[in-house]
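Please read the structure below before turning to the comments.
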Protein chains: 2
Amino acid sequence: MTDSEARFTALMHRLGERHFRVTPQRVALLRLLAASEGHPSAADLYERLRAEFPTTSLATVYKTLTLLGELGEVLELGFSHDDNRYDGHRPYPHPHLICMRCHRIVDAQLPAGRDLEREVAQSSGFTIAGHRLDFYGLCPDCQHETENAESQTTKEETQ
Amino acid sequence: MTDSEARFTALMHRLGERHFRVTPQRVALLRLLAASEGHPSAADLYERLRAEFPTTSLATVYKTLTLLGELGEVLELGFSHDDNRYDGHRPYPHPHLICMRCHRIVDAQLPAGRDLEREVAQSSGFTIAGHRLDFYGLCPDCQHETENAESQTTKEETQ
DNA sequence: GTGCTTGCAAACAGTTTGCAGATAG
DNA sequence: CTATCTGCAAACTGTTTGCAAGCAC
């Protein structure tokens, strides 16, 4: 059994396990995901899916990818031009902590930052121009809020 | 002289140094950036700018932010829902190498990964649910291409 | 005076939503 | 049989572009 087949089976199993419907479109997308080596975009997947299902739609691809993401079976990598934030104080890469509830963004203190860029450059052959390290979670305030109600506070000015 | 004033002066100096025009709108935006503690969005900045310049436009804010980014004086943090990529093989955070020229994305090998999430959780009080570590640069192929022509190759299927 | 900059409006691109019809279980 | 899923089209959101008028130098 190849890697890809095993991964496909695992994904299928996860769908059934949670009692989500196993439609032909989903099966095909799962197979694509299991087989694809790289990091395809939704449009890439849609394009390949159309070979098999000429009438399928991008919306379905998105819905399925979102579902799989919620199941923890797909990692979504977002790139930008939506909801950008700007830092005019430290215009060089530094780690951020992002609260998933109030959207506050604070700079993270990372003890003894090794020179990650150089290490990665050496092992990969890339020339590294910059990087990005963000942590997602709940800030101390929102941890408390979450224990209580669902009052959806947003710390406007803290960003 | 406060931190904010010093930063403002530095930004102003940088503009003049490169012979970009010092317009009142730019001065106001620079002052905002130097004074703002957090990570404002373009809309945040626009909103505050309008107090001073009721006719100013978001487009101008974007243009100035982009300019400052190119000058290396502003760090742009992009969040997502545009050009997303999906990984159905390793649905947990792992570092990526992203080629800025051909947009290829490969998984990075990071020697002896420390447990960054735990370290950051301890120093910040956040509960960490995940993270993201991406390196931006030129892949080996594109380093060579760049030495030669400007033929804008795109490695479609490699992603 | 020259040409960079502004600000409006329209264009863009990827993603999301609403909904009627189809279908898996 | 019923609730979920599909697929179309329209809506959304943040960002970018084109262009005429304005202004820094």
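These figures come from a predicted structure and were not determined experimentally.
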*For residues A:C99 and A:L138, determine if any side-chain heavy atom of one lies less than 4.5 Å from a side-chain heavy atom of the other.*
yes
*A:L49 has an atom CG; how far is it from atom P of D:dC5, in whole Å?*
16 Å
*Mapping A:K63 and A:V22 onto DNA chain C by nearest heavy atom, which one lands closer to the 5' end?*
A:K63
_OP1 or OP2 of D:dT6 under 4.0 Å from side-chain N/O of A:T23_ = yes
*Out of C:dG3, D:dT4, D:dG7, which has the shortest distance to the side chain of A:R21?*
D:dT4
*Roughly, in whole Å, what's the span from CE in A:M12 to C1' in C:dG25?*
14 Å
*salt_bridge(B:R7, B:E73) N-O dist < 4.0 Å*: yes
*When the distance from CZ of A:F53 to P of D:dC8 is rounded to whole Å, what number comes out?*
13 Å
*A:L58 has an atom CG; how far is it from atom P of D:dG7, in whole Å?*
11 Å
*Between P of C:dC4 and CG of B:L71, the distance in whole Å*: 15 Å
*Rounded off to whole Å, could you give me the CZ-to-P distance for the A:R50 and D:dC8 pair?*
10 Å
*Of all the choices, D:dC8, C:dC8, D:dT6, which nucleotide is nearest to the side chain of A:T55 once you look at every atom?*
D:dC8
_Earlier contact from the 5' end, DNA chain D, for A:L67 and A:Y46_ = A:L67
_If I take atom CD in residue B:Q25 and atom P in nucleotide C:dC8, what distance separates them, rounded to the nearest angstrom?_
11 Å
*Indicate whether OP1 or OP2 belonging to D:dG7 is found under 4.0 Å from a side-chain N or O atom of A:T60.*
yes
*Among C:dA24, C:dT5, C:dC8, which is the nearest nucleotide to the side chain of B:S57?*
C:dC8
*Any side-chain N or O of A:T56 less than 4.0 Å from the OP1 or OP2 oxygen of D:dT6?*
no
*asked:* Please pick, from D:dC5, D:dT6, D:dA24, the nucleotide with the shortest atom-to-atom distance to any side-chain atom of A:F20.
replied: D:dC5
_Shortest side-chain distance from B:P24, nucleotide among C:dC19, D:dA24, D:dT17_ = D:dA24
*Could you tell me the separation between the CD atom of B:E76 and the P atom of D:dG14, rounded to a whole number of Å?*
14 Å
*Fit a plane to each ring of A:H96 and B:H39, take the angle between them on a 0 to 90° scale, and name the class: parallel (under 30°), tilted (30 to 60°) or perpendicular (over 60°).*
perpendicular
*Check whether the side chains of B:Q25 and B:T56 place a donor and an acceptor atom closer than 3.5 Å, and report yes or no.*
no
*Check the side chains of B:Q143 and A:T127 for a donor-acceptor pair under 3.5 angstrom, ignoring hydrogens and angles.*
yes
